*Asks:* 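Here it is: the structure, laid out below.
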Amino acid sequence: MSVSELQNSGVMWVACGIPVVLVLVQAIVFARKAYQAGPKLGLTQEQMRAGMRSSAITAIGPSVVILSGMLSLLVTMGGPVAWMRLSLIGSVMFESLAAGFGTASVGVELGSEQMNELAYTMGLWTMILCSVGWVIFATISANQMDKIQKRVTGSNPARLAALSAAAVIGAFASFCAQNLVKVNKSSIAVILGGAIMWLMMTICEKKQVKWLRDWGLTIAILGSMIITALLPL
């Protein structure tokens with residue numbers, strides 16, 4: 001059996017499909033529980049529907065980016081693995097790096113013509129083992145998060161909101177900074193994305209265009225990607 005046949009075999013599709021199904025079931029259960037808890041927190045049906053609609057729309061942009069990255073991983077690691085890994089993790093950069101480190105350990109470059117069963121297996125195991133730490137840490141620390149939250153915020157909702165916002169801004173800033181210093185198409189995409197987002201938020205506030213608040217992130221991501229791809233650089 002060739003590497004390509006192994007990557008896209010029926011066994012691989014079944015093995016990779018099981019965790020994806022579990023994630024879908026988990027998402028459905030969480031969504032139902034959240035919807036049932038809404039009225040207990042004083043939320044109206046309209047507020048819950050608006051929140052779900054806004055979340056779904058906001059997820060489109062990042063999902064398209066992950067899909068585009070999945071195409072490159074699909075070529076090197078096969079359809080089943082690319083589908084499974086990016087359904088669970090979502091970080092194209094991590095998956096490609098981990099797979100590359102695994103194949104390099106046996107002297108094979110990821111995606112090269114020298115790819116064999118051993119290199120493919122090493123790449124797959126590296127992807128899996130490098131993400132086990134997240135699962136272990138979350139399992140051990142999950143029941144302590146409430147105590148840590150109270151110590152850090154002092155049960156102050158405003159302080160918690162500020163810390164959460166700062167964490168999100170810091171995460172995005174870290175990703176943006178890595179691309180800005182490269183001074184290439186990635187830098188242009190970051191600048192364009194920020195400019196498009198600023199323009200839409202300005203219009204949203206001045207003209208009260210509510211739908212822009214939901215679609216802003218998706219438009220900014222796709223707009224910057226398309227414009228940058230069309231630039232003759």
Side-chain angles (χ1 to χ4, degrees), residues 3-4 7-8 16 20 23 50-101 103-104 109-115 123 127 131 165-233:
V3 175
S4 178
Q7 290 175 340
N8 298 284
C16 294
V20 174
V23 170
M52 294 174 67
R53 181 174 61 251
S54 177
S55 299
I57 293 172
T58 302
I60 294 176
S63 298
V64 171
V65 176
I66 292 175
L67 178 62
S68 63
M70 187 177 73
L71 296 177
S72 62
L73 193 65
L74 185 149
V75 174
T76 56
M77 297 300 292
V81 171
W83 173 51
M84 183 266 289
R85 294 297 297 178
L86 294 181
S87 295
L88 304 181
I89 308 298
S91 174
V92 180
M93 183 180 297
F94 165 79
E95 300 299 334
S96 299
L97 284 173
F101 288 145
T103 59
E109 183 180 353
L110 181 66
S112 68
E113 295 181 356
Q114 288 73 39
M115 278 286 287
M127 295 164 69
S131 57
V168 173
I169 293 172
F172 276 100
S174 175
F175 287 125
C176 291
Q178 295 174 23
N179 290 299
L180 283 173
V181 297
K182 294 178 181 178
V183 192
N184 54 15
K185 274 196 171 185
S186 297
S187 307
I188 296 174
V190 171
I191 296 171
L192 282 173
I196 294 172
M197 193 69 184
W198 173 81
L199 178 61
M200 288 188 298
M201 290 299 97
T202 301
I203 296 173
C204 182
E205 292 179 5
K206 291 185 176 181
K207 303 295 184 179
Q208 296 299 312
V209 184
K210 294 183 179 180
W211 65 269
L212 269 181
R213 192 177 299 278
D214 293 335
W215 286 93
L217 182 61
T218 299
I219 295 174
I221 291 175
L222 295 181
S224 61
M225 287 174 59
I226 293 171
I227 295 173
T228 304
L230 294 175
L231 290 177
L233 297 175

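Because the structure is predicted, anything quoted here is derived from the model rather than measured. Numbers for residues simply follow the sequence, beginning at 1.
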*Asks:* Got M77 and M127 here, is their nearest side-chain heavy-atom distance under 4.5 Å?
*Replies:* yes
*Asks:* Can you find a heavy atom in the side chain of R85 that is under 4.5 Å from one in the side chain of C16?
*Replies:* no
*Asks:* Could you grab the distance from atom CD1 of I226 to atom CG of L231, nearest 0.5 Å is fine?
*Replies:* 12.0 Å
*Asks:* For the residue pair N8 and P80, what are the closest heavy atoms and their distance?
*Replies:* OD1-CD, 3.6 Å
*Asks:* More than 12 heavy atoms of other residues, nucleotides or ligands under 6.0 Å from CE of M201: is that the case?
*Replies:* yes
*Asks:* Which pairs pass ring pair (Phe, Tyr, Trp, His ring centres under 6.0 Å) with one or both residues in residues 66-89, sequence neighbours excluded?
*Replies:* W13-W83
*Asks:* Tell me, do V190 and S186 make a side-chain contact under 4.5 Å, heavy atoms counted?
*Replies:* no
*Asks:* On a heavy-atom basis, which atom in V3 and which in M115 lie closest, and how many Å separate them?
*Replies:* CG2-O, 3.5 Å
*Asks:* Within a strict 4.5 Å, meaning less than it, do heavy atoms of the M225 and L192 side chains meet?
*Replies:* no
*Asks:* Within a strict 4.5 Å, meaning less than it, do heavy atoms of the L180 and I191 side chains meet?
*Replies:* yes
*Asks:* Decide yes or no for S87 and V20: does some side-chain heavy atom of the first lie under 4.5 Å from some side-chain heavy atom of the second?
*Replies:* yes
*Asks:* What are the two closest heavy atoms between S224 and G193, and how far apart are they?
*Replies:* CB-N, 3.5 Å
*Asks:* Do the non-hydrogen side-chain atoms of Q7 and V81 ever get within less than 4.5 Å of each other?
*Replies:* no
*Asks:* Do E109 and T103 have side chains that get closer than 4.5 Å, going by heavy atoms?
*Replies:* no
*Asks:* For A220 versus I196, what's the shortest heavy-atom pair and its separation?
*Replies:* CA-CG2, 3.8 Å
*Asks:* Please name the pair of heavy atoms, one in L110 and one in A99, separated by the smallest distance, quoted to 0.1 Å.
*Replies:* CD2-CB, 3.9 Å
*Asks:* How many angstroms lie between CZ in R53 and OG in S55, if you round to the nearest 0.5 Å?
*Replies:* 10.5 Å
